[in-house]
Amino acid sequence: MFSFISNSKRFCASPILRTLVLQRLTRTLSHASNESVVSLGASSTFIHPSAIVHPAAIIGQGVSIGPFCTVGPSAKIGDACKLYTGSHIFGDTELGESCIVKTGAIVGEDLPGRTVIGYNNIIGHHSVVGVKCQDMKYKPGDECYLDVGDNNDIREYTSIHRSSKSSDGTVIGHSNLIMGSCHIAHDCKVGNNNIFANSTLLAGHVVVEDYTHTAGAIVVHQFCHVGSFSFIGGGSVVSQDVPKYMMVAGDRAELRGLNFEGLRRRGFSAEEIKSMRRAYRKIFMPKDATSGGIEERLIEVVQNEELANFPSVCSMVQSIRDSFEENRRGICKYRHWSGS
């Protein structure tokens, strides 16, 4: 016994070792505390004594609110939500069931309007979601909105802003993976099942459809549309629309063909992909340099009985046509390659 005490004194004499012992002890106590919270039952709510939760806030069952969190008077926290240490819910904000708000994240702001977060969303460390937009046309006092769907994974340091006016809203769909340091500006419309790699930056009023994939460090200009099943290469600056099924890259981004790998992964058949490739070549890589403008080539594809039988080809043609409508930006530049 004496030997054990003597060894313990020598062990704790070193400042570095003493620090390690204290860290180990802190983790052990924290783990024990967590176990005691879980043992209270799934329907119980745990609020750490250091958290500031307004009495008017609506807190569901099975909610866990960690140390140094803040929950404002107009907030609604759904069942089974978890607020990690130092996360904050402000303004008229509704958090759906089973959401996780990680350390340092801020959701909502004390502004007119509302932030609505759906079910099973993860909001990463130090993310800022549902705060005031950065549009100079925003007028203080105007209502502004953000609506986020279900099953989204919003990673660390991401910023998603509310709309710039009451007649519009920023909308995020379902099952999107939004990686670290992304930015989604005011009035953007993002669909479902998209993957935004790190530092994907969407300016105001950008529309992103479904199943798109961006590589890292890309920028999309205001009012651009990014079509479904498309791919944007790393470091690209997108200043015009990206039609459905296509791949773009570069500064400024140019069409680089179809997103073959993405189409295969999403279950498009070999026959469908082959038909889309034929249509793409007719539209953007004509053998005859005097084959007319792009509208004439689009008509030629639609009138081709074999190609017109594939809905994906018709959808691609319509996506290109929509980009040339009034108030749209046209499509990304394409090279007039020959068919050889």
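Since the structure is predicted, the reported quantities are computational estimates derived from the model, not experimental observations. Computed from heavy atoms alone, side chains included, the values below leave out hydrogens, waters and symmetry copies.
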Would you call [X] and [Y] a salt bridge, using N to O less than 4.0 angstrom?
| X | Y | value |
| --- | --- | --- |
| Arg264 | Glu261 | yes |
| Lys102 | Glu156 | no |
| Arg114 | Asp92 | yes |
| Arg328 | Asp322 | no |
| Lys137 | Asp142 | no |

Donor-acceptor pair, distance only, cut-off 3.5 Å: does the side chain of [X] make one with the backbone of [Y]?
| X | Y | result |
| --- | --- | --- |
| Ser50 | Phe68 | yes |
| Arg155 | Gly180 | no |
| Gln303 | Glu300 | no |
| Asp110 | Gly91 | yes |
| Glu97 | Tyr119 | no |
| Thr170 | Asp187 | yes |

Less than 4.5 Å apart, any side-chain heavy atom of [X] and any of [Y]?
| X | Y | result |
| --- | --- | --- |
| Cys332 | Val242 | yes |
| Pro67 | Thr85 | yes |
| Arg256 | Met247 | yes |
| Tyr145 | Lys165 | no |
| Arg278 | Asn304 | yes |
| His161 | Gln134 | yes |
| Arg277 | Leu258 | yes |

(message) Checking His183 now: which residues fulfil side-chain hydrogen bond (donor to acceptor under 3.5 Å, both in side chains) with it, not counting sequence neighbours?
(response)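 For His183, the residues satisfying side-chain hydrogen bond (donor to acceptor under 3.5 Å, both in side chains) (neighbours in sequence not counted) are Ser159.
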For [X] and [Y], work out which heavy atoms get closest and say how close.
| X | Y | result |
| --- | --- | --- |
| Val206 | Gln222 | CG2-CA, 4.3 Å |
| Tyr280 | Met316 | N-CE, 4.0 Å |
| Phe196 | Thr214 | CA-OG1, 3.3 Å |
| Ser275 | Val313 | OG-CG2, 3.6 Å |
| Tyr245 | Ser312 | CE1-O, 3.3 Å |
| Glu295 | Arg321 | OE2-NH2, 3.1 Å |

Is it the case that over 12 heavy atoms from other parts of the model lie below 6.0 angstrom from the [atom1] atom of [X]?
| X | atom1 | value |
| --- | --- | --- |
| Tyr157 | OH | no |
| Ile299 | CD1 | yes |
| Tyr211 | OH | no |
| Lys189 | NZ | yes |
| Tyr138 | OH | yes |
| Arg266 | CZ | yes |

Euclidean distance, [Y] [atom2] relative to [X] [atom1], rounded to 0.5 Å:
| X | Y | atom1 | atom2 | result |
| --- | --- | --- | --- | --- |
| Ser74 | Ile89 | OG | CD1 | 13.0 Å |
| Ser319 | Asp241 | OG | CG | 7.5 Å |
| Asn176 | Asp150 | CG | CG | 11.0 Å |
| Met136 | Ser164 | CE | OG | 12.5 Å |
| Ile59 | Leu95 | CD1 | CG | 9.5 Å |
| His126 | Thr103 | NE2 | OG1 | 6.5 Å |

What about [X] and [Y], same hydrophobic cluster or not, with Ile/Leu/Val/Met/Phe/Trp/Tyr joined at side-chain heavy-atom distances under 4.5 Å?
| X | Y | result |
| --- | --- | --- |
| Ile294 | Val302 | yes |
| Phe46 | Ile100 | no |
| Val301 | Ile331 | yes |
| Val248 | Ile273 | yes |
| Val207 | Phe324 | no |

Please determine, by modelled atom types, if [X] and [Y] share a side-chain donor-acceptor pair under 3.5 angstrom.
| X | Y | result |
| --- | --- | --- |
| Asn194 | Thr212 | yes |
| Lys244 | Ser315 | yes |
| Asn193 | Asp210 | no |
| Asp168 | Ser163 | no |
| Glu143 | Ser166 | no |

(request) Mind running side chain to side chain contact (heavy atoms under 4.5 Å, CB included) on Val148 and Asn121 for me, showing each step along the way? (result) CA-CA 9 Å; Val148 177; Asn121 292 290; 4.2 Å; yes
(request) Run the numbers on Leu146 and Val131 for side chain to side chain contact (heavy atoms under 4.5 Å, CB included), then give the verdict. (result) CA-CA 9 Å; Leu146 168 65; Val131 298; over 6 Å; no
(request) Please work out whether the ring planes of His88 and Phe90 are parallel, tilted or perpendicular, with thresholds of 30° and 60°. (result)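 Because their plane-to-plane angle is under 30°, the rings of His88 and Phe90 count as parallel.
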(message) Does the plane of the ring in His213 sit parallel, tilted or perpendicular to the ring in Phe231? Use 30° and 60° as the thresholds.
(response)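 Perpendicular, since the angle between the ring planes exceeds 60°.
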(message) Applying side chain to side chain contact (heavy atoms under 4.5 Å, CB included) to Ile320 and Leu298, what does each step give before you reach the verdict?
(response) CA-CA 9 Å; Ile320 296 169; Leu298 292 172; 4.0 Å; yes
(request) Could you give me the CA-CA distance, side-chain angles and deciding distance for Leu263 and Phe229, then say whether side chain to side chain contact (heavy atoms under 4.5 Å, CB included) is met? (result) CA-CA 7 Å; Leu263 294 172; Phe229 304 99; 4.1 Å; yes
(request) Test Ile47 against every option in Leu83, Ile65, Val71 by the side chain to side chain contact (heavy atoms under 4.5 Å, CB included) rule and name the one that passes. (result) Ile65
(request) From the options Leu201, Val171, Ile154, Ile172, select the one residue that forms a side chain to side chain contact (heavy atoms under 4.5 Å, CB included) with Ile184. (result)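 That would be Ile172.
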(message) With side chain to side chain donor-acceptor pair (under 3.5 Å) as the criterion, how do Arg162 and Thr115 come out once you've worked through the C-alpha distance, each side chain's angles and the decisive distance to 0.1 Å?
(response) CA-CA 8 Å; Arg162 288 202 219 174; Thr115 297; 3.3 Å; yes
